[in-house]
Number of protein chains: 2
Amino acid sequence: MNGRFPIALHILTLLSKTGEELMSSDYIAGSININPALARKEISNLRNLGLISSKEGKSGGYALAKAAAQITLADVYQAVKNQPVLGAAKNTPNPDCPVGKQINKKLDELYDDLDKTLLKKLGSITIEDFANKFD
Amino acid sequence: MNGRFPIALHILTLLSKTGEELMSSDYIAGSININPALARKEISNLRNLGLISSKEGKSGGYALAKAAAQITLADVYQAVKNQPVLGAAKNTPNPDCPVGKQINKKLDELYDDLDKTLLKKLGSITIEDFANKFD
DNA sequence: TTCATCTGTAATAATAAATATTACAGTAAA
DNA sequence: TTTACTGTAATATTTATTATTACAGATGAA
């Protein structure tokens, strides 16, 4: 797993704190301590998914596209997910082995099950909930 | 996340199928389609945790150290876990930002919560359960 | 209008992590 | 005493992630 979930969560938490006021990618990147281009890239992804709105040009920046109470951590998870939480099998198992032949299918089924469990939990926590934990 | 969970699960599933009979690292590695040294390394880890027993020398090999019904996927998860399921924050956030200052702590708390959820689910599935899904 | 400040995005470089490979000492059975 | 294994370390290779640079396009303000 890469660091995209923490980054996306950080971004959305920041934006939930500023409300209408636009926040720049420079401030966001500075808070996370990552490169501004990388921040904009993740923001771009979140914007395509309808979580963030943006305004170009001078005095441009970013804001949440909907209320923090309407965004759950399941949305964030799905926005950044690029592989199964417990890791993908990278090699093609031996088709001549009874276990090897079937394991990828069984693993996928297991992962679907785990994802449901995780999404249920994540779906019960909103950005507002998370942001409210801060002083 | 790396591929260790699928590998460990594959190994334990294989061993659950052979019972007392010892299985070599070559066969195991061949079924997964990874390097034998890598297989032995993961096996070594699982052995240190009491899940696998081994025998050196000619006609040596591996077997489960306890019944497949006594090993859960939570054991496997904990055996291979090296970082949070949703990814570690790698940069030090800005301590001058109200969010940056606290986010790592809040993230850790969230991750603890998610881990509990995941472990509960994984703890309800044994290697026997998983292996029984195979024809 | 033109300058300054911002987003949007791509191309590339650098770094870090994961995996593969090689090697060989040690152990036990035949 | 040879053969077939495990155990483990060192190293190389590959892949994934993150950082950097660059610049076109948008917008507001002087």
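Bear in mind the structure is a predicted one, so any value in this text is a computation, not a measurement. Any value given below was found using the heavy atoms of this structure, including those in side chains, with hydrogens, waters and symmetry copies removed. Each chain gets a letter, A, B and so on, in the order the sequences are listed, and its residues count up from 1.
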Quick one: which residue pairs count as a side-chain hydrogen bond (donor to acceptor under 3.5 Å, both in side chains) with a foot in residues 121-132 of chain A, not counting sequence neighbours?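 Output for this query lists A:K121-B:D113, A:T126-A:D129.
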
Can you check whether B:K133's main-chain N or O pairs, donor with acceptor, with A:K106's side chain at less than 3.5 Å? yes

For A:N91 and B:I32, indicate whether the former's side chain and the latter's backbone hold a donor-acceptor pair under 3.5 Å. no

Tell me the ring-ring contact (aromatic ring centres under 6.0 Å, His included) pairs involving residues 81-100 of chain B, sequence neighbours left out?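 Applying ring-ring contact (aromatic ring centres under 6.0 Å, His included) to every pair that reaches into residues 81-100 of chain B, excluding sequence neighbours, yields nothing.
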
Please enumerate all residues that pass side chain to side chain donor-acceptor pair (under 3.5 Å) together with A:E109, with sequence neighbours excluded. A:K105

Residues forming a side chain to side chain donor-acceptor pair (under 3.5 Å) with B:D115, sequence neighbours excluded: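 B:D115 satisfies side chain to side chain donor-acceptor pair (under 3.5 Å) with B:Y77 once adjacent residues are dropped.
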
How long is the line joining [atom1] of [X] and [atom2] of [N], in whole Å?
X     : N      : atom1 : atom2 : value
B:E42 : C:dA18 : CD    : C1'   : 13 Å
A:Q83 : C:dA18 : CD    : P     : 10 Å
A:Y62 : C:dC6  : OH    : P     : 11 Å
A:R4  : D:dT18 : CZ    : P     : 9 Å
A:K41 : D:dT17 : NZ    : P     : 11 Å
B:L38 : D:dG7  : CG    : P     : 15 Å
B:K90 : C:dA17 : NZ    : C1'   : 8 Å
A:N45 : C:dT7  : CG    : P     : 17 Å

May I have the step-by-step check of side-chain contact (heavy atoms from CB on, under 4.5 Å) for A:L51 and A:I127, ending in yes or no? CA-CA 11 Å; A:L51 304 180; A:I127 292 293; over 6 Å; no

Does the side chain of B:S44 get closer than 4.0 angstrom to OP1 or OP2 of D:dT8 through an N or O atom? yes

Would you say A:R47 reaches C:dT7's phosphate, i.e. side-chain N/O to OP1/OP2 under 4.0 Å? no

Considering only residues two or more places apart or on different chains, which pairs with a residue in residues 44-58 of chain B satisfy salt bridge (charged side-chain N to carboxylate O under 4.0 Å, His left out)? none

Show which side-chain atoms of residues 64-76 of chain A pair as donor or acceptor with protein atoms under 3.5 Å away, not counting sequence neighbours.
from  : atom 1 : to    : atom 2 : distance (Å)
A:T72 : OG1    : A:A74 : N      : 3.2
A:T72 : OG1    : A:D75 : N      : 3.4
A:D75 : OD2    : A:T72 : N      : 2.9

Just the atom pairs and distances: protein N or O near nucleotides 22-29 of chain C's N or O, under 3.5 Å.
from   : atom 1 : to    : atom 2 : distance (Å)
C:dT27 : O4'    : B:E56 : OE1    : 3.3
C:dT27 : O2     : B:G57 : N      : 3.3
C:dA28 : N3     : B:K58 : N      : 3.4

Would you mind writing out the side-chain donor-acceptor pairs for residues 4-25 of chain A within the sub-3.5 Å range, not counting sequence neighbours?
from  : atom 1 : to     : atom 2 : distance (Å)
A:R4  : NE     : A:E42  : OE1    : 2.7
A:R4  : NH2    : A:E42  : OE1    : 3.4
A:R4  : NH2    : A:E42  : OE2    : 3.4
A:H10 : NE2    : A:S31  : OG     : 2.8
A:T13 : OG1    : A:L9   : O      : 2.7
A:S16 : OG     : A:T13  : O      : 2.7
A:K17 : NZ     : A:A131 : O      : 2.9
A:T18 : OG1    : A:L15  : O      : 3.2
A:S24 : OG     : A:D26  : N      : 3.4
A:S24 : OG     : A:Y27  : N      : 3.1
A:S25 : OG     : A:R40  : NH1    : 3.1

Using a heavy-atom cut-off of 4.0 Å across all strands, would you classify A:N91 as base, sugar-phosphate, or nothing?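 Contact class for A:N91: sugar-phosphate only.
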
Once you apply a heavy-atom cut-off of 4.0 Å, does A:I34 come out as touching a base, just sugar-phosphate, or nothing? sugar-phosphate

Restricting to side chain to side chain contact (heavy atoms under 4.5 Å, CB included), what partner residues turn up for B:N35, sequence neighbours left out? B:A37, B:L38

Strand contacts (DNA chain D) in residues 7-28 of chain B, 4.0 angstrom heavy-atom criterion: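 Within residues 7-28 of chain B, the residues near DNA chain D are B:S24, B:S25.
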
Under 3.5 Å, which protein N or O atoms sit close to an N or O of nucleotides 10-12 of chain D? Give each pair with its distance.
none

Of all residues at least two apart in sequence or in a different chain, which pass the ring pair (Phe, Tyr, Trp, His ring centres under 6.0 Å) check with A:F130? A:F134

